[in-house]
Amino acid sequence: MNPVKIDSGVRVYVAGCGGMLGDAIYARLKTAGADVKATDINCIESWLEYGDVRDLVSIRKSIVDFAPELIINLAALTDLEHCEYEQENAWLTNALGAENLGLIANELDVPYVYISTAGVFDGARDLYNDFHTPNPLSVYAQSKYYGEQYVFNSVRQHYVLRAGWMMGGGPAKDKKFINKIYKQICAGVTELCVVDDKLGTPTYTVDFADGLCAVVESGQFGLYNMVSNGSASRFVVAHEFVRLLGLANTVKVTSVSSSYFKEQYFAQRPVSEKLLNLKLNQRGLNRMRDWRICLEEYAEVFKTDYASR
Ligand SMILES: NC(=O)c1ccc[n+]([C@@H]2O[C@H](COP(=O)([O-])OP(=O)(O)OC[C@H]3O[C@@H](n4cnc5c(N)ncnc54)[C@H](OP(=O)(O)O)[C@@H]3O)[C@@H](O)[C@H]2O)c1
């Protein structure tokens, strides 16, 4: 075990920090007083430096020069259809990128955090714990599964954290479901068609960042499911979000089946990607709140944005 205390001056390298999870993790680390080097291929913030996880030579230099005590890899291509179109890039980013940073973590002998996804499962079960066997369906899921396998098997000080349907980053950075719903509302759509045959577990980035720190501070290496507590269909999440925005009387949420979106969302998705934080619960490390409480907190950002329009 090599617990890393997330407090003043601890040196943390975060790759792919320009995205929705990076936003929360950077804030959490800075609040603790950590010395953070945050990189991404898109330097959309003044605190980001350029770093491409596909390029071993240059990312190695970027990391070694900083001499971190902890490496966190958030870099990924997360759009499932994009991964089907750009398969080679998906493998290079999600799989080789995971491997590259794993090699560097072993060389420096420091802990390494890799984020995987609930999407590694095929949906044949209703609910997956940390020990169930994955069977990834899409290129995104396959490349992420390769990453988690590599890290689990080859990186000495590893944490593989599986997230679910990510919620975070607000209107500017959230690339996923909540912001897709919000953008439609802003565009004046008064009837939202949302699938009711896909089940999963929302995952609030703010809680995830907290949970990540708790696990790293425990020094208990391994693979963990880390999702908000509870589960839902996409339809239920959209319905709740519209209600929290105070728009239940003006925006109707209509349930449809996945076949309704079969051309737009053609990558294969599991019927259920519901996760249970079995290990976190057992070890007393679960910092995740119920997804409805998280969504209520997260919706405030969108309410403020909506009011300013
Ligand atoms: N979003 C989800 O629903 C979800 C669910 C489960 C697990 N995860 C995992 O959580 C982690 C964080 O993802 P996120 O939700 O924060 O997604 P995100 O918002 O897409 O963030 C990923 C970041 O990585 C960047 N990136 C892409 N290729 C890169 C490269 N070659 N080198 C360095 N950076 C690169 C992306 O830039 P571009 O924007 O230019 O691509 C983006 O800024 C990922 O490992 C992801 O697989 C996400």
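In this chain, residues are counted from 1 in sequence order. Each ligand, and each atom within it, is numbered from 1 in the order the structure gives.
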| Of all the non-hydrogen atoms in the protein, which one sits nearest to atom 37 (O) of ligand 1, and at what distance? | Asp40 OD1, 3.5 Å
| query | Do you see a donor-acceptor pair shorter than 3.5 Å between the side chains of Arg60 and Asn100? | reply | no
| Identify the closest protein heavy atom to atom 32 (N) of ligand 1: which residue and atom is it, and at what distance? | Val53 N, 3.1 Å
| task | Looking only at protein heavy atoms, identify the closest one to atom 5 (C) of ligand 1 and say how far it is in Å. | result | Gly164 O, 2.9 Å
| In the protein, which heavy atom is nearest to atom 41 (O) of ligand 1, and how far is it? | Leu77 CD2, 4.1 Å
| Where the side chain of Asn229 meets the backbone of Met288, is there a donor-acceptor pair that is under 3.5 Å apart? | yes
| Parallel, tilted or perpendicular: which fits the ring planes of Tyr298 and Phe302, with parallel below 30° and perpendicular above 60°? | perpendicular
| field | For atom 11 (C) of ligand 1, the option (of Leu74, Ile72, Ile59) bearing the nearest heavy atom | value | Leu74
| said: Is there a polar contact between ligand 1 and Asn73, counting only N or O atoms under 3.5 Å apart? | reply: no
| task | Please work out which of Met20, Met226, Lys175, Arg162 has its closest non-hydrogen atom nearest to atom 42 (C) of ligand 1. | result | Lys175
| request: Please confirm whether Thr117 comes within less than 3.5 Å of ligand 1 when only nitrogen or oxygen atoms on both sides are compared. | output: no
| note | In this structure, atom 35 (C) of ligand 1 is nearest to the protein heavy atom Ile41 CG1, 3.5 Å
| message | I'd like to check whether Leu21 has a polar contact with ligand 1, where a contact means an N/O of the residue lying under 3.5 Å from an N/O of the ligand. | response | yes
| said: Need the ligand 1 atom indices (1-based, order shown) with element for anything under 4.0 Å from a heavy-atom of Asp52. | reply: 30 (C), 31 (N), 32 (N)
| message | Could you tell me, atom by atom, which parts of ligand 1 come under 4.0 Å of a heavy atom of Arg54? | response | 31 (N)
| query | At a 4.0 Å cut-off, with the gap strictly under it, does some heavy atom of Gly147 reach an atom of ligand 1? | reply | no
| message | Regarding ligand 1, does Ala75 bring an N or O atom to under 3.5 Å of one of the ligand's N or O atoms? | response | no
| query | Nearest protein heavy atom to atom 9 (C) of ligand 1, by residue and atom, and its distance? | reply | Ile115 CG2, 3.7 Å
| message | Starting from atom 45 (O) of ligand 1, what is the nearest protein heavy atom, named by residue and atom, and what distance separates them? | response | Lys144 NZ, 2.7 Å
| remark: In this structure, atom 21 (O) of ligand 1 is nearest to the protein heavy atom Gly19 CA, 3.4 Å
| message | Is it the case that the side chains of Tyr182 and Asp305 hold a donor-acceptor pair, with the cut-off being a distance below 3.5 Å and no angle test? | response | yes
| request: Quick one: look at Met166 and ligand 1, take heavy-atom pairs under 4.0 Å, and tell me if it's side chain, backbone, both or neither. | output: both
| request: Keeping the roles fixed (side chain from Ser228, backbone from Trp291), state whether a donor-acceptor pair exists under 3.5 Å. | output: no
| request: Determine, step by step, whether Tyr146 and Glu99 satisfy the side-chain hydrogen bond (donor to acceptor under 3.5 Å, both in side chains) criterion, reporting the C-alpha distance in whole Å, the side-chain angles of both residues, the deciding distance to 0.1 Å, and the verdict. | output: CA-CA 9 Å; Tyr146 177 90; Glu99 200 173 315; 2.6 Å; yes
| What part of Asn42, side chain from CB on, backbone N/CA/C/O, both or neither, has a heavy atom under 4.0 Å from ligand 1? | side chain
| task | Mind checking whether Thr93 contacts ligand 1 via backbone (N, CA, C, O), side chain (CB onward), both or neither, at a 4.0 Å heavy-atom cut-off? | result | side chain
| request: Indicate yes or no for a side-chain donor-acceptor contact from Lys279 to the backbone of Leu223 under 3.5 Å, with no hydrogens or angles considered. | output: yes
| field | Heavy-atom nearest neighbour of atom 13 (O) of ligand 1 within options Thr78, Asp79, Leu275 | value | Thr78
| Sub-3.5 Å N/O-N/O distance, Ala163 and ligand 1 | no
| Cation over ring, Arg54 on Trp91, under 6.0 Å and within 45°? | no
| query | Can Ile185 be reached from Val189 by stepping across I, L, V, M, F, W or Y side chains whose heavy atoms are under 4.5 Å apart? | reply | yes
| task | State if Ser116 counts as touching ligand 1 under the rule of any non-hydrogen atom under 4.0 Å. | result | yes
| said: Regarding Tyr128 and Arg162, do their side chains bring together a donor and an acceptor under 3.5 Å, going by distance alone? | reply: no
| Parallel under 30°, tilted from 30 to 60°, perpendicular over 60°: which one fits the rings of Tyr85 and Phe266? | perpendicular
| message | Using heavy-atom distances only, which candidate in Tyr140, Phe177, Trp165, Phe208 approaches atom 8 (N) of ligand 1 most closely? | response | Tyr140
| remark: Closest to atom 27 (C) of ligand 1 by heavy-atom distance, out of Gly16, Ala76, Gly51, is Ala76
| query | Are Glu84 and Tyr140 close enough, and set up right, to give a side-chain hydrogen bond (donor to acceptor under 3.5 Å, both in side chains), and what steps lead you there? | reply | CA-CA 7 Å; Glu84 299 291 330; Tyr140 171 69; over 6 Å; no
| message | Taking the six-membered ring of Phe66 as reference, does the cationic atom of Arg11 (NZ for Lys, CZ for Arg) lie under 6.0 Å from its centre and within 45° of its axis? | response | yes
| field | Cation-pi check, Lys37 onto Tyr13 ring (under 6.0 Å, within 45° of axis) | value | no
| Which word best sums up how the rings of His158 and Phe221 line up, parallel for under 30°, tilted for 30 to 60°, or perpendicular for over 60°? | tilted
